[in-house]
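See structure below.
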Amino acid sequence: TYNVQGTNNQVVTIIKTPTTLTGSNGGSLTLTPVGQANITLTSSGSPGNNFPIGGAITIASATVDGVYSGTVNVTVDY
């Protein structure tokens with residue numbers, strides 16, 4: 001869950017891009033973020049509005065076992 005704060009009734013665009021996850025034993029996976037494209041702020045300043053971001057990963061049968069990690073970038077265009 002992310003939080004955005006700004007001016008009441010302002011519509012902000014939520015930008016999320018695919019992320020490469022790197023495996024601890026080699027290999028990599030792509031995480032495709034899933035969530036709403038924009039949000040209308042319902043107050044000015046605090047507490048702001050929360051919005052969730054989920055994701056989808058396709059795991060092939062040849063995927064190397066291990067722990068996969070990476071950084072998911074989420075930006076709001078105000």
Side-chain angles (χ1 to χ4, degrees):
T1 299
Y2 293 82
N3 181 275
V4 60
Q5 298 177 15
T7 303
N8 188 32
N9 293 319
Q10 180 72 35
V11 177
V12 295
T13 302
I14 301 167
I15 303 162
K16 46 213 173 298
T17 56
T19 299
T20 298
L21 304 177
T22 304
S24 58
N25 294 319
S28 64
L29 295 169
T30 299
L31 170 75
T32 303
V34 177
Q36 63 197 82
N38 56 54
I39 189 168
T40 301
L41 302 179
T42 57
S43 65
S44 290
S46 186
N49 291 86
N50 292 334
F51 61 93
I53 298 291
I57 301 171
T58 301
I59 302 174
S61 59
T63 300
V64 177
D65 289 343
V67 175
Y68 288 78
S69 62
T71 301
V72 177
N73 293 311
V74 177
T75 305
V76 292
D77 185 5
Y78 181 80

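Quantities reported herein were computed from a predicted structural model and do not represent experimental measurements.
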Here the side-chain hydrogen bond (donor to acceptor under 3.5 Å, both in side chains) pairs for residues 50-77, sequence neighbours left out, are Asn3-Asn50
Just wondering, do Val74 and Ile14 contact through their side chains at under 4.5 Å, heavy atoms? yes
Any Pro47 side-chain heavy atom under 4.5 Å of Gln5 side chain:
no
Give the minimum heavy-atom separation between [X] and [Y], together with the two atoms involved.
X: Gly66; Y: Ser24; answer: CA-OG, 3.6 Å
X: Gly48; Y: Ser43; answer: N-OG, 4.0 Å
X: Pro33; Y: Ile53; answer: CB-CG2, 4.1 Å
X: Thr40; Y: Val11; answer: OG1-CG2, 3.5 Å

Let me confirm one number: the [atom1]-[atom2] distance from [X] to [Y], rounded to the nearest 0.5 Å.
X: Ile39; Y: Asn49; atom1: CD1; atom2: CG; result: 4.5 Å
X: Ile57; Y: Leu31; atom1: CD1; atom2: CG; result: 5.0 Å
X: Asn8; Y: Thr42; atom1: CG; atom2: OG1; result: 7.0 Å

Thr20 backbone acceptor or donor facing Ser28 side chain under 3.5 Å: no
Practice item. Please confirm whether the backbone N or O of Gln36 pairs with a side-chain atom of Lys16, one donor and one acceptor, at under 3.5 Å? Key: yes
- Give the C-alpha distance, both sets of side-chain angles, the deciding distance and a yes or no for side chain to side chain contact (heavy atoms under 4.5 Å, CB included) between Tyr78 and Val4. CA-CA 10 Å; Tyr78 181 80; Val4 60; 5.7 Å; no
(Q) Let's go through Tyr2 and Val76 carefully: what are the C-alpha distance in whole Å and the side-chain angles of both, what is the deciding distance for side chain to side chain contact (heavy atoms under 4.5 Å, CB included) to 0.1 Å, and is it a yes or a no? (A) CA-CA 10 Å; Tyr2 293 82; Val76 292; over 6 Å; no
Connected via hydrophobic side-chain network under 4.5 Å: Val72 and Ile59: yes
